Q: 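Please find one structure pasted underneath; my questions will follow.
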Amino acid sequence: MTLRIYNTLSRKKEDFQTIKPGKVGIYLCGPTVYKHAHIGHMVGPVIIDTIARYLKYNGYEVKFVNNITDIDDKLIHRAAELNTTVEKLAAEMTQDYFDNLEIMGVDTITEFPKATDYIEEMQNMIQALIENGHAYPLEGDVYFSAEADKNYGCLSGRKIEEMIAGTRVEANDKKKNPADFALWKKSRPGEPAWDSPWGPGRPGWHIECSTMSRKLLGDSFDIHGGGLDLMFPHHENERAQSECCTGKKYVRYWVHNGLMQASDAPGKVGGQHDRHGDVVADQEAQEANKLAGSKGAASVKELFAIHPAEIVRLFLLSTHYRSPIAFSDENIQEAAKGIEGFYRFFETFERITGISFYDLPSSEDRDQSVSLEGTPSEYFQQLSELQQRFLEAMDDDFNTGGAIGNLFELRSTLNALIHSHNLDGEGKEDQALVEALKTGACLLKELSNLLGVFRKPCKKDQEADDGLANQLMELVLEIRKEARESKNWDIADKIREGLAACQITVEDRPEGSLWRRG
RNA sequence: GGCGCCGUAGCCAAGUGGUCUAAGGCGGUGGAUUGCAAAUCCAUUAUUCCCCGGUUCGAAUCCGGGCGGCGCCUCCA
């Protein structure tokens with residue numbers, strides 16, 4: 001089975017083939033660092049991180065670039081609002097972004113270029129575009145001439161004439177053609193500015209990506225990611241600039257992720273776009289729903305205070321990356337209930353084998369995958385089949401939702417082995433079966449790690465280790481144990497119910513009682 | 001007005017021409033286990049894939065029409 005990937009450019013799935021054998025260059029449009037990231041900003045990184053993991057697993061060497069836009073109008077406005085400098089604000093928000101990526105388990109990004117570090121290269125590219133007739137300076141600005149690119153519109157599927165006919169392009173502009181866009185913007189007094197052949201100014205929005213990707217990945221590279229909302233105008237313009245400058249095909253596969261929707265956002269979308277609805281209110285509602293505006297979108301950190309990041313990650317991956325995903329506490333909680341079964345399994349596994357699931361060896365290479373032969377043969381056959389189905393799903397345009405389904409089935413298979421041979425009891429003396437269980441657990445680790453989850457103990461589990469709570473629980477469970485031994489069920493049940501009210505679940509097992517939060 | 005996406009069980013969600021009498025999760029139901037629970041296991045929960053036509057030996061999957069939801073066209077991950 002070969003890897004297939006949906007390409008926005010062709011609007012269909014294509015066989016994946018890299019430009020350089022064995023190597024993959026990926027560019028993902030990163031954030032403008034003017035405010036704290038919200039969960040929607042994590043979708044792209046999580047998805048591309050998962051793709052990068054999968055490509056590495058398949059033997060590719062991956063170079064993954066994620067830019068930081070640290071100069072932009074929004075940044076200038078926000079810094080003024082907060083009475084700080086653009087540099088300070090950008091530095092702070094960049095750190096916030098890095099923190100969030102770490103918490104989300106995104107660690108495959110190899111470079112984080114900052115726009116302000118590439119001003120000179122951008123100017124060179126702009127100059128080249130002017131020289132070959134694709135751009136023109138005008139009163140301190142420089143514009144790209146959309147008409148000069150005969151392919152303009154090929155990525156987003158639109159035509160210049162139609163866009164102009166749409167009349168929402170402002171006509172009063174001094175630009176030659178309304179579809180033209182700024183490569184360089186003249187600065188006003190007090191704004192951050194760099195010297196240039198066209199006067200002091202700052203780069204336009206799109207040019208940084210063209211410049212930095214070229215510098216770090218070359219004139220042509222394999223995968224370009226970003227949110228669907230960036231397809232136009234950002235990616236279209238980026239593509240046009242780059243191709244007009246280099247004369248080469250810019251990107252092989254354009255990967256656009258669907259946008260997250262706040263399903264419990266204030267102001268439901270009316271669906272009366274072209275009727276007599278209140279257009280302004282409607283737009284606001286859409287904005288809120290998309291999570292892109294400041295309205296109603298909690299920062300990632302606020303979110304992680306409520307939900308473990310790993311669960312959020314799995315929630316993001318439970319639906320296909322190109323589909324929109326409805327984000328709400330309720331939906332995450334529902335997903336969490338299913339995912340927690342994995343943590344129960346890890347506990348059981350450790351009880352049986354004395355080994356932490358997280359310490360198991362697991363292959364990061366498809367060719368060195370865990371060997372799935374042995375007895376019980378039926379069990380191993382199931383493992384093998386689940387592995388195959390998991391990989392087939394991933395091969396099919398990174399169908400993480402389908403892959404996760406197989407992960408759940410794999411868990412059931414392992415639990416069934418434990419159950420049918422009583423491995424969590426006397427059966428654990430059977431070394432061969434315990435080994436079989438370990439093999440299955442290694443497979444689970446190998447596959448789940450591809451999705452970037454279950455790599456280290458979840459924060460929630462670690463919290464349960466705090467000293468005072470442990471001491472208190474030890475005492476309470478000791479008292480309860482005595483009550484149970486004298487068959488004083490009323491007391492025993494009262495304690496358990498009381499703990500349940502404190503969000504503590506007690507589990508009575510033959511060898512003693514366990515407890516956990518939630 | 002232009003371009004595009006989507007509509008699968010109570011809910012979330014895979015599957016996009018035959019293996020589909022449609023994965024998986026949540027929820028529900030019955031059973032095993034348990035003092036009772038919890039956890040786990042087993043069974044069960046859509047004869048059907050928004051509606052209507054068509055293509056085909058065969059469609060949830062392709063085509064046409066309708067209805068409903070949404071995105072982009074303007075800063076946006």
Side-chain angles (χ1 to χ4, degrees), chain A residues 8 11 28-32 37-48 72-74 77 153 156-159 161-170 205 225-234 256-261 263 269 271 273-274 283 286-287 289-293 314-315 318-320 322-326 328 330-341 344-345 347-348 389 393 396 399-412 414-420 424 484 487-490 492-493 496-497 500 505-510 513-516:
Chain A
T8 304
R11 317 260 159 182
L28 171 67
C29 282
T32 301
H38 64 250
I39 185 61
H41 292 115
M42 292 292 113
V43 177
V46 164
I47 282 154
I48 303 290
D72 172 89
D73 290 1
K74 290 194 290 296
H77 296 150
S156 54
R158 49 192 89 205
K159 298 190 177 86
E161 315 84 71
E162 283 170 1
M163 283 161 54
I164 295 165
T167 67
R168 287 177 74 174
V169 185
E170 289 187 23
W205 176 30
L228 204 53
D229 53 348
L230 293 182
M231 188 168 87
F232 188 91
H234 185 237
H256 287 106
N257 59 271
L259 304 180
M260 185 165 268
Q261 327 260 140
S263 60
V269 177
H273 298 252
D274 41 7
Q283 276 177 353
Q286 282 181 37
E287 186 71 1
N289 249 18
K290 206 176 69 178
L291 274 176
L314 225 32
F315 172 71
S318 68
T319 171
H320 190 90
R322 274 187 281 113
S323 308
I325 179 165
S328 71
E330 204 187 338
N331 290 351
I332 292 191
Q333 252 150 24
E334 196 186 288
K337 282 184 201 161
I339 294 161
E340 269 157 19
R344 298 291 84 74
F345 169 75
E347 288 161 12
T348 309
R389 273 161 50 192
D396 183 14
N399 178 4
T400 50
I404 288 171
N406 291 305
L407 233 42
F408 274 99
E409 283 191 72
L410 178 53
R411 186 189 73 194
S412 296
L414 300 181
N415 275 328
L417 182 79
I418 292 169
H419 183 264
S420 62
D424 200 8
R484 293 182 72 220
K487 299 204 188 298
N488 193 340
W489 307 124
D490 284 351
D493 290 350
R496 191 172 58 199
E497 282 157 24
T505 304
V506 174
E507 199 174 311
D508 294 326
R509 304 197 50 83
S513 298
L514 303 174
W515 67 279
R516 65 170 169 273

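Predicted, not measured: the structure shown is a model, and the values here were computed from it. Numbered from 1 within each chain, the chains take letters A, B, ... in sequence-line order.
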Q: How would you label the contact of A/S412 with the nucleic acid (heavy atoms, under 4.0 Å): base, sugar-phosphate, or nothing?
A: sugar-phosphate
Q: Which value, in whole Å, describes the distance between the C1' atoms of nucleotides B/rC50 and B/rA46?
A: 14 Å
Q: In whole angstroms, how far is the C1' atom of B/rC75 from the CG atom of A/D72?
A: 8 Å
Q: Specify the closest pair of heavy atoms between A/G157 and A/R11, including all atoms of both residues, with the distance to one decimal.
A: N-NH2, 3.7 Å
Q: Rounded to the Å, how far apart are A/E330 CD and B/rC26 C1'?
A: 11 Å
Q: Taking atom C1' in both B/rC12 and B/rU56, what distance in whole Å separates the two?
A: 34 Å
Q: For A/N257 and B/rA77, what is the distance between atoms CG and P respectively, to the nearest whole Å?
A: 11 Å
Q: Taking all non-hydrogen atoms of both residues, which atom of A/G227 and which atom of A/H256 are closest, and how far apart?
A: O-CD2, 3.5 Å
Q: Would you check, one step at a time, whether the test side chain to side chain contact (heavy atoms under 4.5 Å, CB included) holds for A/Q261 with A/I325?
A: CA-CA 6 Å; A/Q261 327 260 140; A/I325 179 165; over 6 Å; no
Q: What does B/rA60 pair with, Watson-Crick or G-U, if both distances are under 3.5 Å?
A: none
Q: If I pick the C1' atom on B/rU21 and the same atom on B/rG27, what distance separates them, to the nearest angstrom?
A: 24 Å
Q: Strictly by Watson-Crick or wobble contacts shorter than 3.5 Å, is anything paired with B/rA46, and which nucleotide is it?
A: none
Q: For A/N415, which contact category applies under a 4.0 Å heavy-atom criterion: base, sugar-phosphate, or nothing?
A: sugar-phosphate
Q: Could you run down nucleotides 2-19 of chain B 5' to 3' and tag each one B, S or - for protein heavy-atom contact under 4.0 Å?
A: SS-------B-SSS----
Q: Check whether the side chain of A/D493 and the base of B/rG35 form a donor-acceptor pair under 3.5 Å.
A: yes
Q: Suppose we define a pair by two distances each less than 3.5 Å, Watson-Crick or G-U wobble; what does B/rG17 pair with here?
A: none
Q: What does B/rA22 pair with, Watson-Crick or G-U, if both distances are under 3.5 Å?
A: none
Q: Take the protein atom CE of A/M231 and the nucleotide atom P of B/rU74, then report the distance between them rounded to whole Å.
A: 13 Å
Q: Below 4.5 Å, heavy atoms only, C-beta onward: do A/M260 and A/I39 meet side chain to side chain?
A: yes
Q: State, to 0.1 Å, how close A/A403 and A/A393 come at their nearest heavy-atom pair, and which atoms those are.
A: N-CB, 3.8 Å
Q: Is A/W489 stacked on the base of B/rG35, meaning ring centres closer than 5.5 Å and planes within 30 degrees of each other?
A: yes
Q: With a non-hydrogen cut-off below 4.0 angstrom, is A/G44 in contact with a base, only sugar-phosphate, or nothing?
A: nothing
Q: For A/H234 and A/L228, find the nucleotide of RNA chain B closest to each by heavy atoms; which residue's nucleotide sits nearer the 5' end?
A: A/L228
Q: Between A/S513 and A/D508, is there a side-chain donor-acceptor contact under 3.5 Å, judged purely by atom types and distance?
A: yes
Q: Would you mind reading off the distance between A/R496 atom CZ and B/rA39 atom P, rounded to a whole angstrom?
A: 11 Å
Q: Suppose you measure atom P in B/rA77 against the same atom in B/rU19; what distance do you get, rounded to whole Å?
A: 45 Å
Q: Counting Watson-Crick and G-U wobble pairs only, both distances under 3.5 Å, name the nucleotide matched with B/rC75, or none.
A: none
Q: What's the closest nucleotide to the side chain of A/T505 if the choices are B/rA38, B/rG71, B/rA77?
A: B/rA38
Q: Can you see which heavy atom on A/S156 is nearest to which on A/F232, and at what distance?
A: OG-CD1, 3.3 Å
Q: May I have the distance from A/L410 (atom CG) to B/rC41 (atom P), rounded to whole angstrom?
A: 12 Å
Q: Of the listed nucleotides (B/rA23, B/rA77, B/rC73), which one gets closest to any side-chain atom of A/F232?
A: B/rC73
Q: Could you work out the separation of B/rU74 and B/rG54 based on their C1' atoms and round it to a whole Å?
A: 41 Å
Q: Rounding to the closest angstrom, what is the interatomic distance between B/rG25 and B/rU40 at atom P?
A: 11 Å
Q: Return whichever of A/H419 or A/K74 has its heavy-atom-nearest nucleotide of RNA chain B closer to the 5' end.
A: A/H419
Q: Looking at A/R344 and B/rA39, is any side-chain donor or acceptor paired with a base atom of the opposite kind under 3.5 Å?
A: no
Q: Could you check whether any side-chain heavy atom of A/I418 comes within less than 4.5 Å of a side-chain heavy atom of A/F345, counting everything from C-beta outward?
A: yes
Q: What is the pairing partner of B/rG4, taking Watson-Crick or G-U wobble pairs with both distances under 3.5 Å in any strand?
A: B/rC70
Q: Taking the C1' atom in each of B/rC49 and B/rG15, what is the distance between them to the nearest angstrom?
A: 11 Å
Q: So which nucleotide from B/rC42, B/rG71, B/rG35 ends up closest to the side chain of A/D508?
A: B/rG35
Q: Roughly how many Å apart are B/rC51 and B/rC57, using the C1' atom of each and rounding to a whole number?
A: 26 Å
Q: Does the side chain of A/L514 reach to within under 4.5 Å of the side chain of A/V506, using non-hydrogen atoms?
A: no
Q: For B/rA9, give the paired nucleotide (Watson-Crick: N1-N3 plus N6-O4 or O6-N4; G-U: N1-O2 and O6-N3; both under 3.5 Å), or none.
A: none
Q: Considering only heavy atoms from C-beta outward, does the side chain of A/D229 approach that of A/L259 to under 4.5 Å?
A: yes
Q: NA contact type, A/G225, heavy-atom cut-off 4.0 Å: base, sugar-phosphate, or nothing?
A: nothing
Q: Grab the CZ-P distance between A/R516 and B/rA37 for me, whole Å please.
A: 17 Å
Q: B/rG71 C1' sits how many Å from A/M260 CE, rounded?
A: 16 Å
